[in-house]
**Student:** 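Here you go, one structure.
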Amino acid sequence: MNSIEITPDREKQMLDELASIAESHVNSSNTELELLSVDPETYPAQRAYHVEGFPLSAREIEGLGVLANDKFPDIQSHLNDIEEESLVIESVGKLLNDGNNVVLVTNHGDLIDIALAEAAVYCKLYDQGVVPRSGIIISKIVSLMGVRLGENVIPAADALKFLCNDIFLTFPRTETIRNSNLGSIVAEDIDRNNEQMIGKINEALGQGGMLLGMAASGSVDKTAGDNIIRLETLSQGTSRIMMQPNTFVLPVAIWLQGKHTVFEICDNPKSLPDVSSTHAAMEGISKSLTDKVEGKTFKYSSVRGLGKLSIES
């Protein structure tokens with residue numbers, strides 16, 4: 001585990017504020033999530049910007065995926081159909097085996113959708129004989145949440161250890177974070193956390209061969225009118241991760257709300273040369289969601305006025 005140096009009183013202020021934000025997510029999670037107490041001694045991820053995991057086998061991860069969300073088999077079924085038609089995961093495996101990174105980028109309609117998407121891709125790779133180093137970027141808020149797996153509730157960050165070698169915890173620059181008291185009480189600590197976390201991500205990607213999952217917008221997709229859903233704008237820091245050398249982006253549209261599960265790979269894994277291409281990847285996700293989710297229109301804009309989000313540096 002890696003963490004910044006922070007005084008106990010400032011740490012408590014920070015975690016109390018995060019807990020108040022986490023509570024609203026927990027209350028809307030349909031009992032999938034529970035709020036953890038503020039207790040970094042018991043829950044070390046609450047003071048970390050990086051946690052190491054120990055990925056399990058595909059069959060074990062599948063079992064946990066079903067416990068976490070009963071739509072996980074639907075995600076796998078969609079992925080099987082996609083692979084039969086396109087062999088896109090086979091392409092991902094070849095890239096990883098050649099020492100490249102693949103960043104799995106999704107929208108963020110549900111707090112656990114990125115983990116479920118990455119779990120499905122990881123299990124498919126595993127079955128094809130490819131077992132990559134795996135990582136995920138999550139909001140620091142997640143460290144205050146427990147996830148329900150059957151009858152048990154375990155810290156969400158601990159659950160991710162079963163899937164990922166590396167868990168990176170960031171303070172996303174979302175509207176919710178900006179409207180909280182965090183900026184006034186621990187602004188410098190937030191900056192230090194994110195700077196050191198980005199350094200750890202760069203170090204991991206520099207080694208190559210990593211499957212890295214992230215909801216690139218850094219914020220849950222927002223309702224912006226009747227049946228209109230807005231995907232938040234990428235930050236410069238997030239775009240830079242997507243443009244790393246020897247790194248390919250796999251854009252995925254996922255939607256777990258409603259009767260029908262949507263899971264679509266929107267493009268083949270591609271190296272993105274500039275910021276405009278990272279925004280284009282998000283626009284592709286938005287278009288795919290609009291095409292697949294009945295009665296909803298999804299919108300994405302590269303204009304910063306829609307939000308200052310995700311990882312900033």
Side-chain angles (χ1 to χ4, degrees), residues 75 78-79 82-83 85-92 94-96 100-110 113-114 117-118 120-121 135-137 170 172-175 198 201-202 205 210-225 227-255 262-293 296-313:
I75 295 172
H78 285 304
L79 183 56
I82 292 167
E83 183 65 3
E85 181 177 339
S86 67
L87 300 180
V88 63
I89 302 304
E90 184 176 314
S91 298
V92 168
K94 289 177 181 177
L95 288 169
L96 292 166
N100 299 289
N101 306 298
V102 175
V103 180
L104 174 66
V105 168
T106 75
N107 61 294
H108 201 27
D110 185 281
D113 49 14
I114 177 57
E118 184 167 7
V121 171
I136 192 167
I137 303 173
T170 180
R173 310 292 190 167
T174 61
E175 182 178 351
I198 290 170
I201 291 172
N202 291 340
L205 293 177
M210 169 165 273
L211 176 69
L212 177 65
M214 67 174 176
S217 64
S219 178
V220 174
D221 305 332
K222 300 289 196 306
T223 300
N227 297 318
I228 296 175
I229 308 294
R230 175 165 57 86
L231 278 61
E232 299 284 14
T233 309
L234 296 181
S235 73
Q236 294 179 3
T238 302
S239 289
R240 282 196 291 270
I241 290 174
M242 295 166 68
M243 295 186 299
Q244 284 274 348
N246 304 315
T247 296
F248 293 74
V249 169
L250 183 71
V252 172
I254 183 169
W255 193 253
V262 172
F263 182 88
E264 291 290 325
I265 293 179
C266 305
D267 202 350
N268 291 320
K270 289 182 177 179
S271 174
L272 302 185
D274 50 37
V275 171
S276 64
S277 64
T278 68
H279 291 303
M282 295 301 295
E283 289 165 359
I285 291 173
S286 176
K287 182 181 185 301
S288 182
L289 288 166
T290 298
D291 291 342
K292 295 294 182 179
V293 180
K296 301 287 185 184
T297 299
F298 292 78
K299 294 184 177 293
Y300 176 82
S301 174
S302 61
V303 178
R304 298 283 287 173
L306 285 181
K308 180 183 177 188
L309 304 161
S310 199
I311 305 162
E312 295 282 12
S313 66

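One is the number of the first residue; the rest follow in order along the sequence. Because only heavy atoms are used, hydrogens play no part in the values below, and waters and symmetry mates are left out as well, while side chains stay in.
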**Student:** For the atom pair CZ (F248) and CG (L104), what is the distance rounded to the nearest 0.5 Å?
**Tutor:**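 Result: 15.5 Å between the selected atoms.
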**Student:** Taking T297's backbone N and O only, do any of them form a donor-acceptor pair with T290's side chain (distance below 3.5 Å, no angle check)?
**Tutor:**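 Such a contact is absent between T290 side chain and T297 backbone.
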**Student:** Let me confirm one number: the CG-OH distance from N107 to Y300, rounded to the nearest 0.5 Å.
**Tutor:**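 Separation between the atoms: 12.0 Å.
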**Student:** For the CG atom of L212 and the CG atom of L205, what is their distance to the nearest 0.5 Å?
**Tutor:**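 Those atoms lie 6.0 Å apart.
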**Student:** Just jot down the side-chain contact (heavy atoms from CB on, under 4.5 Å) partners of E83, sequence neighbours excluded, or say none.
**Tutor:**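 For E83 the side-chain contact (heavy atoms from CB on, under 4.5 Å) partners, ignoring immediate neighbours, are L87, V88, I89, E90, K124, Q128.
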**Student:** For S276 and D274, work out which heavy atoms get closest and say how close.
**Tutor:**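 Between these two residues, the closest heavy atoms are OG-OD1, 2.8 Å.
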**Student:** Between CD1 of I201 and CD of Q244, what distance do you get to the nearest 0.5 Å?
**Tutor:**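 Taking CD1 in I201 and CD in Q244, the distance rounds to 9.0 Å.
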**Student:** Side chain to side chain donor-acceptor pair (under 3.5 Å) with H78: which residues, sequence neighbours excluded?
**Tutor:**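 Per chain and number, H78 pairs via side chain to side chain donor-acceptor pair (under 3.5 Å) with no residue.
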**Student:** Is there side-chain contact between V275 and M243, with heavy atoms separated by less than 4.5 Å?
**Tutor:**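 Yes - at least one pair of side-chain heavy atoms lies under 4.5 Å apart.
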**Student:** Checking the side chain of T247 only, and the main-chain atoms of P245 only, is there a donor and an acceptor separated by less than 3.5 Å?
**Tutor:**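 Yes, T247 side chain to P245 backbone: donor-acceptor pair under 3.5 Å.
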**Student:** The criterion is side-chain contact (heavy atoms from CB on, under 4.5 Å); which residues satisfy it with D113, sequence neighbours excluded?
**Tutor:**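 With sequence neighbours excluded, D113 shows a side-chain contact (heavy atoms from CB on, under 4.5 Å) to H108, D110, I254, L256, given in chain and number order.
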**Student:** Name all residues meeting the side chain to side chain donor-acceptor pair (under 3.5 Å) criterion together with T223; count only those two or more places apart in sequence or in a different chain, and write none if there are none.
**Tutor:**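 Side chain to side chain donor-acceptor pair (under 3.5 Å) check on T223 returns nothing, list empty.
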**Student:** OG1/T233 to CE/M282 distance, rounded to the nearest 0.5 angstrom?
**Tutor:**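 Nearest 0.5 Å value for the OG1-CE distance: 9.0 Å.
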**Student:** Given the rule in the side chain to side chain contact (heavy atoms under 4.5 Å, CB included) test, do I82 and F263 qualify, once you have shown the distances and angles that lead to the verdict?
**Tutor:** CA-CA 9 Å; I82 292 167; F263 182 88; 4.2 Å; yes
**Student:** Show the nearest heavy-atom pair for residues W255 and G109, with the distance to one decimal.
**Tutor:**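 Scanning both residues, the minimum pair turns out to be CZ3-CA, 3.7 Å.
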**Student:** Is it the case that D291 and S288 place a side-chain donor and acceptor less than 3.5 Å from each other?
**Tutor:**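 The criterion, which ignores hydrogens and geometry beyond distance, is not satisfied for S288 and D291.
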**Student:** Heavy atoms only: give me the nearest R230-A224 pair and the separation to one decimal.
**Tutor:**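 That closest heavy-atom pairing would be CB-CB, 4.0 Å.
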**Student:** Check the pair L211, E118 against side chain to side chain contact (heavy atoms under 4.5 Å, CB included), reporting the backbone distance first and the verdict last.
**Tutor:** CA-CA 8 Å; L211 176 69; E118 184 167 7; 4.0 Å; yes
**Student:** Is any side-chain heavy atom of M214 less than 4.5 Å from a side-chain heavy atom of V105?
**Tutor:**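 Yes, side chains in contact.
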**Student:** Would you indicate whether the side-chain heavy atoms of L96 and V92 approach each other to under 4.5 Å?
**Tutor:**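 Result yes, sub-4.5 Å side-chain heavy-atom pair found.
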**Student:** Let me have the donor-acceptor pairs involving side chains of residues 265-272, under 3.5 Å, with sequence neighbours excluded, atom names and distances please.
**Tutor:**
residue	atom	partner	partner atom	Å
D267	OD2	K270	NZ	3.1

**Student:** Check T238 against A216 and note the closest heavy-atom contact, atom names and distance.
**Tutor:**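 For T238 and A216, the tightest heavy-atom pair comes out as CG2-O, 3.4 Å.
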**Student:** What distance separates I228 CD1 from D221 CG, expressed to the nearest 0.5 Å?
**Tutor:**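 Here the rounded value is 14.0 Å.
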**Student:** Applying side chain to side chain donor-acceptor pair (under 3.5 Å), name anything that partners T278, two or more places apart in sequence or on another chain.
**Tutor:**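 Applying side chain to side chain donor-acceptor pair (under 3.5 Å) to T278 gives S239.
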**Student:** Answer whether the closest heavy-atom distance between the side chains of I241 and I137 falls below 4.5 Å.
**Tutor:**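 SC-SC contact between I241 and I137 confirmed.
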